[in-house]
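To keep things clear, I will list the structure first and then write my remarks on it.
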Protein chains: 2
Amino acid sequence: MSINADTKDRILATARELFHGRSYADVGIKEICTLANVQKGSFYHFFPSKQDLAMAVIDDMSDDWAQGFVAEAFDEALPPIERLDYMVDAIYYWQKAAKSAEGRMPGCLFGNLALEVSTRDEVLRARLNAVFDKASASFHKALEQAVELGEMPPLDTAATATAMLAYLEGVILLAKTRNDPEVVRILGPAIKSIRIELRHPN
Amino acid sequence: MSINADTKDRILATARELFHGRSYADVGIKEICTLANVQKGSFYHFFPSKQDLAMAVIDDMSDDWAQGFVAEAFDEALPPIERLDYMVDAIYYWQKAAKSAEGRMPGCLFGNLALEVSTRDEVLRARLNAVFDKASASFHKALEQAVELGEMPPLDTAATATAMLAYLEGVILLAKTRNDPEVVRILGPAIKSIRIELRHPN
DNA sequence: AGTATATTAGACCGGTCGGTCAAGTCAAGG
DNA sequence: CCTTGACTTGACCGACCGGTCTAATATACT
């Protein structure tokens with residue numbers, strides 16, 4: 001039981017790293033197997049298809065995020081607005097570390113996959129969409145609390161939360177294209193300036 | 001001369017459509033040739049490699065943009081801030097039209113390619129980066145004029161311009177993942193709320 | 001011990017990939 | 001008329017793709 005779990009985890013971890021560092025299409029199952037020290041037959045014992053592997057990778061990373069620094073950043077002990085800065089900082093240091101390790105800024109796995117596969121694979125698209133919804137919910141909660149505490153004037157918290165997530169993804173996209181994490185540090189904090197007013201504030 | 005130019009243009013137009021609608025890796029040269037009614041040998045007469053084709057597609061699209069609705073949106077006759085709304089509207093209608101034609105929101109060709117290839121292909125990455133720089137410059141000019149005209153309080157126009165571009169790309173990314181152009185219409189206008197203050201406003 | 005089951009091993013499959021190449025077609029210029 | 005060089009044709013290449021399959025092996029239960 002520990003052996004197979006280990007094998008599956010090794011596949012998952014390797015796939016995640018490769019998908020994140022390159023792309024879905026560019027990484028073959030053979031390469032994943034070689035790097036994970038697993039044979040093809042074993043791979044297809046655990047994952048029925050490459051698509052299923054991708055699903056598992058998305059879920060895996062999403063869980064790690066939720067339990068990792070997203071949980072830290074959106075800790076309710078922090079003042080709501082500081083959570084946004086925490087999130088930006090976390091992304092900055094992460095991407096910076098990844099770049100000095102691999103030489104390239106990998107960007108956001110979810111964003112990368114979303115743009116690559118969402119015109120071609122409904123199942124993966126839906127999954128990625130759910131990940132974004134979940135992320136947006138964290139922003140939403142923080143904004144609601146910020147308004148409640150009077151730290152922010154009232155606004156359309158749901159729309160603004162999504163807008164903030166979009167901004168982060170956009171900043172990461174640009175930073176990756178420049179291959180320069182500093183873009184995140186410089187542009188990131190402006191996330192706090194984004195506002196969408198209430199439609200009918202009567 | 002008209003024949004060969006036609007062939008090259010047909011390849012370019014077909015490749016652009018396919019790359020935009022799907023992805024770089026997912027579209028093969030054979031498919032492009034078939035759809036463009038061109039033989040493989042002819043293809044390689046005009047383009048030394050798939051990478052060269054991608055470069056040409058990027059340049060082609062970039063030119064069309066610059067001469068097309070980017071030129072319209074950033075027309076100096078328009079009040080600077082209205083140019084931002086014009087840009088958002090243009091993207092919205094474009095994506096909406098594309099979706100009703102193909103069933104899927106293709107998103108931004110440059111953003112798509114950037115996330116897909118920039119960890120793997122320095123040449124394409126640099127080209128895409130240049131496209132973004134050029135786009136950012138349009139925003140920059142608009143912001144400078146807005147400040148000059150007193151329509152906006154002073155701010156770090158260069159950084160804010162890049163932030164606005166990032167925001168747009170992020171909004172398109174999210175909209176594509178949702179496969180819903182309405183995201184652009186709802187989140188887009190908040191581009192005007194983004195601000196990065198001057199570092200040393202003393 | 002014996003048997004069922006989960007896992008591993010790795011050869012193998014048809015198909016596609018980007019790219020090459022030799023043999024031509026064709027129009028323009030001398 | 002003949003040569004030149006741009007363009008086209010389509011067969012061909014080795015490599016790799018995702019995925020299958022059979023046989024061997026480790027593990028778990030009775």
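What you see below is based on every heavy atom in this structure, not just the backbone, and it leaves out hydrogens, waters and symmetry mates. We name chains A, B, ... by the order of the sequence lines, and we start the count at 1 in each one.
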Could you tell me whether Gly28(B) contacts a base, only the sugar-phosphate backbone, or nothing, with contacts defined as non-hydrogen atoms closer than 4.0 Å?
->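 Here Gly28(B) touches the backbone only, sparing every base.
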
Using a 4.0 Å heavy-atom cut-off across all strands, classify Lys50(B) as base, sugar-phosphate, or nothing.
->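 Touches sugar-phosphate only.
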
Side chain of [X], heavy atoms from C-beta onward: which of [options] has the nearest atom to it?
{"X": "Ile29(A)", "options": "dG18(C), dG18(D), dT9(D)", "answer": "dG18(D)"}
{"X": "Lys40(B)", "options": "dG19(D), dT8(D), dG19(C)", "answer": "dG19(C)"}
{"X": "Ser42(A)", "options": "dG19(D), dG10(D), dA9(C)", "answer": "dA9(C)"}

Backbone N/O of Ala97(B) and side chain of Ser100(B): donor-acceptor pair under 3.5 Å =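 Yes, because the side chain of Ser100(B) sits within donor-acceptor range (under 3.5 Å) of the backbone of Ala97(B).
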
Report yes or no: does Arg125(B) contribute a side-chain atom to a donor-acceptor pair with the main-chain N or O of Thr177(A) at less than 3.5 Å?
->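 Pair found, side chain donor or acceptor close to backbone of Thr177(A).
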
Between [N] ([atom2]) and [X] ([atom1]): distance, integer Å:
{"X": "Phe46(A)", "N": "dG18(D)", "atom1": "CZ", "atom2": "P", "result": "19 Å"}
{"X": "Arg120(A)", "N": "dG18(D)", "atom1": "CZ", "atom2": "C1'", "result": "13 Å"}
{"X": "Ile32(B)", "N": "dG19(C)", "atom1": "CD1", "atom2": "C1'", "result": "14 Å"}
{"X": "Glu31(B)", "N": "dC17(C)", "atom1": "CD", "atom2": "P", "result": "8 Å"}
{"X": "Phe43(B)", "N": "dG10(D)", "atom1": "CZ", "atom2": "P", "result": "18 Å"}
{"X": "Tyr44(A)", "N": "dC13(C)", "atom1": "OH", "atom2": "P", "result": "17 Å"}
{"X": "Lys30(A)", "N": "dA11(C)", "atom1": "NZ", "atom2": "P", "result": "11 Å"}
{"X": "Lys8(A)", "N": "dA6(C)", "atom1": "NZ", "atom2": "P", "result": "13 Å"}

Tyr86(A)/Phe74(A) aromatic ring centres below 6.0 Å |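 They do not qualify: ring centres at least 6.0 Å apart.
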
Under 4.0 Å between a side-chain N/O of Gln39(A) and OP1 or OP2 of dT8(C), yes or no?
->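 Checking Gln39(A) against dT8(C): no side-chain N or O falls below 4.0 Å of OP1 or OP2.
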
Give a yes/no answer on whether the side chain of Thr7(A) brings an N or O atom under 4.0 Å of OP1 or OP2 in dT8(C).
->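 Yes.
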
Of Gln51(A) and Asn37(B), whose nearest nucleotide on DNA chain D comes first from the 5' end?
->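 On the 5' side of the pair lies Asn37(B).
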
Hey, which of these two, His45(A) or Gly41(A), hits DNA chain C nearer its 5' end, going by closest nucleotide?
->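 Going by which nucleotide is closer to the 5' end, it is His45(A).
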
Is there a donor-acceptor contact under 3.5 Å linking the side chains of Glu151(A) and Gln145(A)?
->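 Checked: Glu151(A)/Gln145(A) side chains show no N/O donor-acceptor pair below 3.5 Å.
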
Could I get the full list of side chain to side chain contact (heavy atoms under 4.5 Å, CB included) partners for Thr157(B), not counting sequence neighbours?
->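 Result, side chain to side chain contact (heavy atoms under 4.5 Å, CB included) vs Thr157(B): His140(B), Leu143(B), Glu144(B), Val147(B), Leu155(B).
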
